[in-house]
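Report on one structure; see the data block that follows.
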Amino acid sequence: MAEVQVLASDGSVKKIDRDSKEGLQALRQTTALLLAAALHQQFDGIRLGADVASDDGFYVDSDKDDVQVSADELGQLEDGIKKFAKDDAKIERVEVPLADALAEVKNDPYQSELLKTAADNDKVALFKVGDFATVATEDVLCYVDVVKNFKVLSVAGAYWQGKSSNPMLQRIYGTVFYKKDALEDDLKARQEARERDHRVIGNDLDLFFVDPKVGAGLPYWMPKGATIRRVIERYIIDKEVANGYKHVYTPILMNLDVYKTSGHWQHYREDMFPPMDMGDGEQLELRPMNCPSHIQIYKHHIRSYRELPLRIAELGMMHRYEKSGALSGLQRVREMTLNDGHTFVAPSQILDEFKSILQLMIEVYHDFDINDYSFRLSYRDPKNTDKYFDDDEMWNNAQTMLKQAMDDMGLDYYEAEGEAAFYGPKLDVQTKTALGNDETLSTIQLDFMLPKQFDLHYIGEDGQEHRPIMIHRGLVSTMERFTAYLTEMYKGAFPTWLSPEQVKIIPVREDLHADYAEDLRKELAAAGIRVSVDHRNEKMGYKIREAQTQKVPYTLVVGDNEVKDSGVTVRKYGEEKQVSKSKQDFLDEILGDLSSYSRE
RNA sequence: GCCGACUUAGCUCAGUUGGCAGAGCAUCUGUUUUGUAAACAGGAGGUCGAAGGUUCGAAUCCUUUAGUCGGCACCA
């Protein structure tokens, strides 16, 4: 076990395993410090923000008004880091009076702020390397000669202290490891991440496109993408109907007054498209959420306690005016169709209904083979409560209830303040995109507010009116985001049941085998399989290659041998091996795939 | 929305100090009838994102604008 000495901000020194998480973090923090030192040395008068070790590397912020670092200057910064990382170089901790430290950085508001935050009793601890010193915060390595295998990757923008009301700084990102091959693996993984990006695959496989001339964030689903979506839609509707959901269709346009009643207009307006003024005083609004629509369904009849839980669901199209910089392929769009559902329950039913929704979600994830996710309990921000519906008791009860349900079910989760919807706390299922960004896939939200706003009630056993509670839930997210997620997860090689083209038949000779190929296609199509014959005037190798690059699960070659045996020769995606079998055996195989959602 | 970079044929990309807009793949036409990852030949295809400006002359320089990408902020 290789050990490294780390220096903490309080001056204590200890040895830790360099391959531990802390060991890597200390290396990242150290490299960030050296990058800050290099920036300080190479760019006179640069004002430095924080130097930070992140989950996948490190970064340093700096003011860009006087010094704008360009992408082609990153190499010279690497050289600068190397100069600091000499054999005998050490990071030392010094403690100085705050006033002295502030005097040193009097033209740098960011360092001043960091110093003030870190100061204790008018003294502040600094980490020093060469003649560069900055605030001591996270652990660093005592000896910096291990900073060898690193790369300065990119320059981007970031708000000072993460607040959009603050000035924007430039942020320089990098990555670092103890071992050279670990660095190379990391760089390779970053490259591969780009190759599995759903926008790249979506283009290669012709799944969808966005045309800027028509509108940003408004995707077009090409036939193959539409097929994947249709499979998802049919799957989830069947699943939900089987689990007691009533599927409905509701308008995507509603009178704006409804959104004033719901509170969306007050809390969510900046994400909504502007209302359409119809000229006669009526204002119509493109809906940003489906909940008010399902509330109308609820209110259409007088409801009895016997009907609860009442589960209303819809693949609901909605429009949100997402900020231009947030748009990204199918992941963030302005028109989306959510696998939405709202359960109306009596207070005593909340816990059980929440658990049964979560159980259903876990089943669905299993069918799609989604395993890499975490549960997040999203609470309101206690320091900024005016963003949310105002009812402290409701919030506290609901948040407690969510936590209890998760604990009862024995599921791991983490808690996040400030992530709630404006009307209530929620359970979010967090996943990562190919590029490593966090995103919410599924969500289950408790809502005590909308039933009150819309004055919902049901008749209880006692013959009196009672207020139901709403649970908002999306199991497979929006069709857009879910398709994007699956595309990245499967790298475009969808399991047979989801694959837009399941079987490609290639006749060896068009003049001799086309009829057999066509008969085969008809038999498979009759069994519900998405199949086509490649009749083009091309060589077999060409057609095989295309079937592989298009990631078709099964390629069937038929020639004299197959005609004679009334069979097929099967080549699976990603395999070179060819297996000859009877038509029936192949049909059994692929139907087995479909019924089990299998990828094999 | 903010910071930076980018935008050339359906796709991926060249295009030098401003001087006649290019390649590969795809598409179309022929020839070829093929047994497991790219047959051969020929043709067609672009107001260089858009609008203004500088210049004898702009894909190239300047301004504005839209979009895309990487981040940040915001979120399904």
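Naming convention: chains lettered A, B, ... in sequence-line order (proteins, then strands); numbering from 1 in each chain. Computed from a prediction, not measured in an experiment: that's the story for all the values here.
When heavy atoms are screened at a 4.0 angstrom cut-off, A/Leu441 is found touching the sugar-phosphate backbone but no base atom. Across all strands, A/Ala158 comes closer than 4.0 Å only to sugar-phosphate atoms, never to a base (heavy-atom distances). Using a 4.0 Å heavy-atom distance criterion, A/Gln170 is classed as making no nucleic acid contact. A/Asp560 comes within contact range of at least one nucleobase, with a heavy-atom separation under 4.0 Å. As judged by a 4.0 angstrom heavy-atom cut-off over every strand, A/Asn203 is placed among residues touching the sugar-phosphate backbone only. A/Val210 comes within 4.0 angstrom of no nucleic acid atom, judged by non-hydrogen atoms across all strands.
Between the P atoms of B/G42 and B/A58, the separation comes to 35 Å (whole Å). Taking atom C1' on both B/U8 and B/A50, the two are 14 Å apart, rounded to the nearest angstrom. Between B/U60 and B/U54, the distance separating the two P atoms is 15 Å to the nearest Å.
In a base pair of the Watson-Crick type (N1 to N3 plus N6-O4 or O6-N4) or a G-U wobble (N1-O2 and O6-N3), with each distance short of 3.5 Å, B/G42 is matched with B/C28. The partner of B/C48, taking Watson-Crick or G-U wobble pairs whose two distances both stay under 3.5 Å, does not exist in any strand shown. Using the Watson-Crick or G-U wobble rule with both distances under 3.5 Å, B/U68 pairs with B/A5.
For A/His267 and A/Tyr423, the ring centers sit 6.0 Å or farther from each other. Aromatic pair A/Phe482/A/Phe368: centroids less than 6.0 angstrom apart.
Whole-Å rounding puts the A/Asp61 CG to B/G4 C1' distance at 14 Å.
Relative to the side chain of A/Arg199, the nucleotides B/A76, B/G71, B/C69 differ in distance, and B/C69 lies closest. Nearest to the side-chain atoms of A/Asn537 among the listed nucleotides B/U31, B/G71, B/C74 stands B/U31. Of the candidate nucleotides B/U31, B/A76, B/G35, B/G35 has the atom lying nearest to any side-chain atom of A/Met540. Distance from the side chain of A/Ser477 is smallest for B/A76 among the nucleotides B/G67, B/G70, B/A76. Set against B/G35, B/G67, B/G71, the side chain of A/Val557 has B/G35 as its closest nucleotide. Checking B/C3, B/A73, B/G35 against every side-chain atom of A/Lys64, the shortest atom distance belongs to B/C3. The side chain of A/Glu322 has B/C75 as its nearest neighbour among B/G70, B/A38, B/C75. In the set B/U36, B/A73, B/C75, the nucleotide with an atom closest to the side chain of A/Tyr159 is B/A73. Here the nucleotide nearest the side chain of A/Ala156, chosen from B/G71, B/A39, B/A38, is B/G71. Counting only heavy atoms from C-beta on, A/Thr569 has its side chain closest to B/G35 among B/A37, B/C75, B/G35.
Note that NZ of A/Lys577 and CZ of A/Arg571 are 12.0 Å apart. Values are rounded to the nearest 0.5 Å. Atom CG of A/Asp519 sits about 6.5 Å away from atom NZ of A/Lys583, to the nearest 0.5 Å.
OP1 or OP2 of B/A26 lies within a sub-4.0 Å distance of a side-chain N or O belonging to A/Tyr542. Checking the phosphate oxygens (OP1, OP2) of B/A37, a side-chain nitrogen or oxygen of A/Arg571 falls inside 4.0 Å.
The backbone N or O of A/Glu322 sits less than 3.5 Å from a side-chain atom of A/Arg334, completing a donor-acceptor pair.
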